[in-house]
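One structure is given below, encoded as structure tokens.
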Amino acid sequence: MIDIKLLREDIEGLKTAIARKKFTVEWDAILRLDEERRAAILKAETARAEQKAASKEVGQFKDKSSPEFQAKLAAMKGLSEEVKALEAEATEVEAQWKALFLSIPNIPDASVPAGRTEDDNVVAATWGDPKTVSASAVPHWDIPWFAQAIDFERGVKATGAGFPFYVGDMARLVRALISFFLEEARLNGYEEVLPPLMVNAASATATGQLPDKEGQMYHMPVEDFYMIPTAEVPVTNFFREETFDEADLPVYRCGYTPCFRREAGSWGKHVRGLNRLHQFDKVELVKWVHPDKSFEELELLRGNAEVILQKLGLPYRVLLMCAGDIGFPHAKQYDLEVWAGGQQRWLEVSSCSNFTDFQARRAGIRFRPKGGGKSEIVHTLNGSGLAVPRVLAALLENNLQADGTVKVPECLHRWTGFETLAPKAK
RNA sequence: GGAGAGGUGGCAGAGUGGCCGAUUGCGGCGGUCUUGAAAACCGCUGUGCCGCAAGGUACCGGGGGUUCGAAUCCCUCCCUCUCCGCCA
């Protein structure tokens, strides 16, 4: 949700900025309904004020059986009905306006490059050299023992497609990656939380999954809970409808969770193996910061995610997403893509975003300025640090050795307890 | 899951139809006094919405209802606590 003041102070500037994104907005209807709604509120509140004043008089009558009193009551009844009608109208107009107002996406920052598609994204940085990966590398699903170590078929039996079992040392390797990611986050000042894996509708609405993306979440109809598509949802909602003291900012949190995504309609090419799953593990980094600091905090966040890939020794590139390719609530977004040498593809393993005040306004997260005074909306950011399966895919492909074993990066040894992954093929 | 008791401002805790956006205490902020501090005393101290402002309006767990008028009465949902049942 954007600041409504922008709508009134600089509508043309707002339209121009939003036009860089791929979303369409019904500006005329929004402006018209805003006028109507304010008029309706004024009418309803004026009538209500009148009713309250008159009602006060009624209460002060001494003789409740007098004709004057009865006449007054009768008159009040009409007024009461009028107030009810006006309030209902105001509520209705307000709801119509709000629905459209919420359809306005966040404003892309001036530093976001122009562009319409993913081809217009700008490579902001690269690290490592894809050419260092052996020319004989194969896609991870073609590694002879892959089906035993990550068992998709048994996953189908237990649940369905996209819910694999990780077996033996592979399970330990996944657990090592999670532990490593969390430890990196902790050392960078993020406090760990282990959040609920299901959220209510209010939480999903605050972070923007509802109402539009409900088809992407698994829904538990009995309790009306949603399986989280990312830890961002519960972790951000930790502070929903709360007010920080300015001195407490910035707040850094991290959380590991499995993530559940229906990925409805997105299955096709390039989604084999670990590339896209319905359930996957991820460590998420979340920040609540002062509005003046959010863009520099985004650079720090991106750096925190990058260092992890560097320590793992995996070549990657950083994309500065163009205006047409960033999401609805995003002001600025970087994607980190790791090189998967077997597939000869870049795989997205992290998305680091500044939501400015867009998400926080919707979630009611504020801060009280140091000198006191009116509370202001904080800025929120989040980024993956990192998503496990695609990191694992790149690691398996890039580090596969001639003898069929996989070299485990040194930073993981303390968590795995082994230095070489050597599952048996059947 | 069953029975009972509750949910009021940062906290504690009054208020059972109009005098209540809400007594009081604590906490917080400012001041008087003091060399300074404490104590004492005085004043201020919730949030959203509409409005340039004055001001208006909404909010006593959420939603709905009764009434001229609801924190207060009714319905419903959620949550907390106690006891029982079940159980990692």
Side-chain angles (χ1 to χ4, degrees), chain A residues 1-10 30-102 194 196-206 210-211 220-226 234 237-248 258 357-378:
Chain A
M1 182 161 51
I2 63 164
D3 188 343
I4 191 167
K5 284 203 208 98
L6 297 170
L7 209 62
R8 293 165 190 171
E9 287 168 3
D10 184 18
I30 290 172
L31 291 170
R32 179 174 51 76
L33 281 167
D34 187 35
E35 294 291 329
E36 284 181 22
R37 125 180 195 276
R38 289 153 81 184
I41 289 172
L42 184 65
K43 262 170 95 174
E45 290 193 352
T46 305
R48 176 71 176 143
E50 193 187 329
Q51 183 194 24
K52 279 176 76 168
S55 191
K56 206 159 223 169
E57 284 179 39
V58 169
Q60 271 149 14
F61 261 87
K62 294 277 180 283
D63 182 4
K64 308 240 170 181
S65 57
S66 69
E68 290 88 344
F69 182 78
Q70 296 304 326
K72 189 90 187 166
L73 269 195
M76 291 291 297
K77 195 142 197 166
L79 186 53
S80 172
E81 272 155 25
E82 190 190 330
V83 167
K84 248 177 212 161
L86 288 172
E87 283 183 344
E89 194 185 322
T91 304
E92 170 63 24
V93 175
E94 174 93 22
Q96 286 178 20
W97 167 81
K98 184 109 189 222
L100 281 185
F101 186 66
L102 285 175
L194 188 59
L197 303 183
M198 299 183 206
V199 293
N200 56 33
S203 291
T205 304
L210 294 180
M220 322 297 288
V222 176
E223 305 287 356
D224 196 23
F225 292 157
Y226 294 85
N237 274 282
F238 188 95
F239 293 114
R240 175 154 51 93
E241 305 294 337
E242 293 195 26
T243 303
F244 293 102
D245 286 330
E246 182 176 347
D248 293 337
D357 60 358
F358 191 85
Q359 191 176 62
R361 181 172 294 105
R362 191 159 170 160
I365 307 172
R366 306 157 195 279
F367 71 95
R368 175 115 23 232
K370 274 192 181 98
K374 208 167 156 57
S375 63
E376 297 176 38
I377 308 287
V378 301

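These numbers come from the heavy atoms of this one structure, side chains and all, not from hydrogens, waters or symmetry mates.
- Checking B:G18 for Watson-Crick or G-U wobble geometry (two distances, each under 3.5 Å) identifies B:C68 as its partner.
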Residue pair A:Arg366, A:Val378: steps toward the side chain to side chain contact (heavy atoms under 4.5 Å, CB included) verdict: CA-CA 5 Å; A:Arg366 306 157 195 279; A:Val378 301; 5.6 Å; no

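- B:U82: Watson-Crick or G-U partner is B:A3, with both key distances under 3.5 Å.
- Positionally, the nearest nucleotide of RNA chain B for A:Lys56 lies more toward the 5' end than for the other of A:Lys56 and A:Ile4.
- Side-chain contact between A:Leu31 and A:Leu7 is present, with at least one heavy-atom pair separated by less than 4.5 Å.
- Pair check for B:G27 finds B:U45; Watson-Crick or G-U wobble, both atom distances under 3.5 Å.
- The interatomic distance linking A:Lys43 (NZ) with B:G51 (P) rounds to 16 Å, in whole Å.
- In this entry the distance linking CG of A:Asp224 with P of B:C79 reads 12 Å, nearest Å.
- Between A:Arg8 and A:Asp34, at least one side-chain nitrogen of the basic residue sits less than 4.0 Å from a carboxylate oxygen of the acidic one, meeting the salt-bridge criterion.
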Stepwise side chain to side chain contact (heavy atoms under 4.5 Å, CB included) test for A:Leu33 and A:Leu100: CA-CA 9 Å; A:Leu33 281 167; A:Leu100 281 185; 3.7 Å; yes

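- Regarding A:Lys5, its NZ atom lies at a distance of 14 Å from the C1' atom of B:G48, rounded to whole Å.
- Comparing the C1' positions of B:U72 and B:G56 gives a spacing of 25 Å, expressed to the nearest Å.
- Separation of the C1' atoms belonging to B:C75 and B:C42 is 49 Å when rounded to the nearest angstrom.
- Using atom C1' as the reference point in both B:C73 and B:C60, the two lie 16 Å apart (nearest Å).
- Within the 4.5 Å cutoff, no side-chain heavy atoms of A:Phe225 are placed close to those of A:Val199.
- Remark: the separation of the C1' atoms in B:A12 and B:C68 is 37 Å, to the nearest Å.
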Where protein sits on nucleotides 53-78 of chain B, one letter per nucleotide: B base, S sugar-phosphate only, - none, heavy atoms under 4.0 Å: ---BSS---------BS---------

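- The closest side-chain heavy-atom distance from A:Ser203 to A:Asn200 is below 4.5 Å.
- The base-pairing partner of B:G55, taking Watson-Crick or G-U wobble contacts with both distances under 3.5 Å, is B:C50.
- Summarising the geometry, atom CZ belonging to A:Phe367 is positioned 5.0 Å from atom CD belonging to A:Glu246; distances are rounded to the nearest 0.5 Å.
- Residues from residues 357-368 of chain A that place a heavy atom under 4.0 Å from any atom of RNA chain B, listed by number: A:Arg366, A:Arg368.
- Atom-to-atom, CG of A:Leu42 to P of B:C50 comes out at 12 Å; the value is rounded to the nearest Å.
- Contact annotation: the side chain of A:Leu102 approaches that of A:Met1 to within less than 4.5 Å [non-hydrogen atoms, C-beta and beyond].
- Straight-line distance between the C1' atoms of B:U32 and B:A37: roughly 15 Å, to the nearest whole Å.
- For the atom pair A:Glu82 CD and A:Arg48 CZ, the distance stands at 13.0 Å (nearest 0.5 Å).
- Here CG of A:Leu210 is found 4.5 Å from OG1 of A:Thr205. Values are rounded to the nearest 0.5 Å.
- Remark: C1' of B:C49 and CZ of A:Arg8 are 10 Å apart, rounded to the nearest angstrom.
- Rounded to the nearest Å, the gap between the C1' atom of B:U35 and that of B:U45 is 31 Å.
- Taking the C1' atom of each, B:G62 and B:C78 are spaced 7 Å apart, rounded to whole Å.
- Rounded to the nearest Å, the gap between the C1' atom of B:A14 and that of B:G63 is 27 Å.
- For the pair A:Glu36 and A:Arg32, the salt-bridge criterion is met [side-chain N within less than 4.0 Å of a carboxylate O].
- The separation between A:Asp34 atom CG and B:C50 atom P is 8 Å, rounded to whole Å.
- Across all strands shown, nothing is found opposite B:G9 as a Watson-Crick or G-U wobble partner with both distances under 3.5 Å.
- Nucleotide B:C87 is matched to nothing when pairs are restricted to Watson-Crick or G-U wobble geometry with both distances under 3.5 angstrom.
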